[in-house]
Amino acid sequence: MTLDLRRHGSVEEDMVFFAMPYGDKELPNGNTENFDDLYEGHFEDWIRNWDLRAERADKVAGTTESAMDVAWSGIDRAGIVVADLSVPSTSVAMELAWALCLRKRLVVIAHKGALVPSNALGQFRVVWYEWSVRGLFELRTSLQSEIEALRRQRREPEMDLRPYMPEDRQRARAKVEEVGEDHIRVRDVRNPRRIAEMHKRDVGYHETIPDQMSQRYHVGRDIPGFFVYRDNVLVFTQQEGEDPWDTWERTYQRGSVFTARVHLVNNAGVWVELPGGGRSRLRQHEAVGLKENDEVPVVIRWVDRVRQRIEIGAANQPATAAVPGPTPSLDDYPRPGERQGATVTVVNESFVLVTLDDHPELPTLALLHARRMSPSLREDLEAGRVTEGRRVVVDVEEVGPSRTKPGRTDIRVREVESELPPESGTVAEASAW
């Protein structure tokens, strides 16, 4: 069963909601009494005489909602909530928790001898009573006094539980607290009580989706984004505006040439923005001498919508000479057992991705895991000395459909210690060494 725990309307100041047991119950003194008689024969009359209205979940006439839905609605609308903790009751405990959560003006009563949870006693003062003529008379006086005192007080703002709508989203900064393979958990820097998860699908539209979130995020890092509700669950997302990837996939056809603008230069290469807003990177050896705001012709090599990646290269010919090439088939990939030179393209803590000399145009980089590295390369990786552009020699171990990304072909290689081939790496050169 799903409860719709949202605020639905304004507070009815003259309504007093009773969260209390139903029917016959054994009291702490061993006597059995009927709480329906207590409500109908005493509480309702008292409240009516004080020019107020009483409500209890099971006494709302003409409703088709469940008792819990009615209870939530009553507490949501109530100006004051009275909770009776005389006997253990799951429903009363839940209603009390809702009232506390919503910051309701609250009166808690209990029969003498009742076991009130110790962790709740600090939240409110209990009005104790006895089920007798004199005891109920004293309860009437105490209850009236408590209600009148609460109504005279300035009412504090109640909690608003309405879900955030997209137009209400505000920029936030979050600190990464936990990193998993496909998601991270973050905490709002300004509101530490707000915690949410960010999954791969919430990576910003201009960012490449990593194979594992640990490739980009680490514990303690601050990241920008938005806390939003999705299907009544709080999530953290970096996506803003309409998803542009359907348009980019149609616009950036393989082999097309565009004039891109340099927007960032760092140690990883030269980052450029394409017409239409797409972003990609030129490797350092393709972008020597470029600086921010320079314009440079680039050719589209491939677009990976699933990973949000646009692969480009420097265009050394005019746009009219570019002819779109076909999407590579499995025959265009290397065969297991082939040996060739490769260039480190992406560096991670436990692996590197390399570009194969004989297959530089493939839309898939080859995976070289630390377990398949030579001792010297693995030592350099652990020490942080492996950088983009490093040359290695590898044997192709496995080529086949990706087990995690439909439509993609994965390549796995093992490093071998051998004399490096020339960096230009043609098939003829590769076969000669």
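Computed from heavy atoms alone, side chains included, the values below leave out hydrogens, waters and symmetry copies.
With hydrogens and angles ignored, the 3.5 Å screen pairs no side-chain donor or acceptor of Ser89 with any backbone N or O of Leu85.
Of the options Arg194, Lys175, Arg171, a salt bridge (Lys or Arg N to Asp or Glu O under 4.0 Å) to Asp188 is made by Arg194 and by none of the others.
Here the straight-line distance linking atom OH of Tyr39 with atom CH2 of Trp46 works out to 13.0 Å at 0.5 Å rounding. Interatomic distance, CD of Glu292 versus NE2 of His263, reported as 9.0 Å (0.5 Å rounding).
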| task | Any chance you could lay out the ring pair (Phe, Tyr, Trp, His ring centres under 6.0 Å) test for Trp131 and Phe35, step after step, and finish with the verdict? | result | CA-CA 10 Å; Trp131 202 306; Phe35 280 85; 5.2 Å; yes

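Checked for salt-bridge contact, Arg77 and Glu12 meet the test: a charged N lies under 4.0 Å from a carboxylate O. By the 4.0 Å N-to-carboxylate-O rule, Glu138 lies close enough to Arg134 to be salt-bridged with it. Between Asp211 and Arg216 there is no salt bridge, since no side-chain nitrogen of the basic residue lies less than 4.0 Å from a carboxylate oxygen of the acidic one.
In this structure, Arg281 satisfies the cation-pi test against Trp271, with its NZ or CZ atom closer than 6.0 Å to the six-membered ring centre and inside 45 degrees of the ring normal.
Relative orientation of the Tyr129 and His111 rings is perpendicular, given thresholds of 30° and 60° on the angle between their planes. Ring-plane geometry between Trp248 and Trp245 is classed as perpendicular, the angle between the planes exceeding 60 degrees on a 0 to 90 degree scale with a lower cut at 30.
In this structure, a donor-acceptor pair under 3.5 Å is present between the side chains of Ser374 and Glu415.
Other residues, nucleotides and ligands contribute more than 12 heavy atoms inside 6.0 Å of the CZ atom of Arg385.
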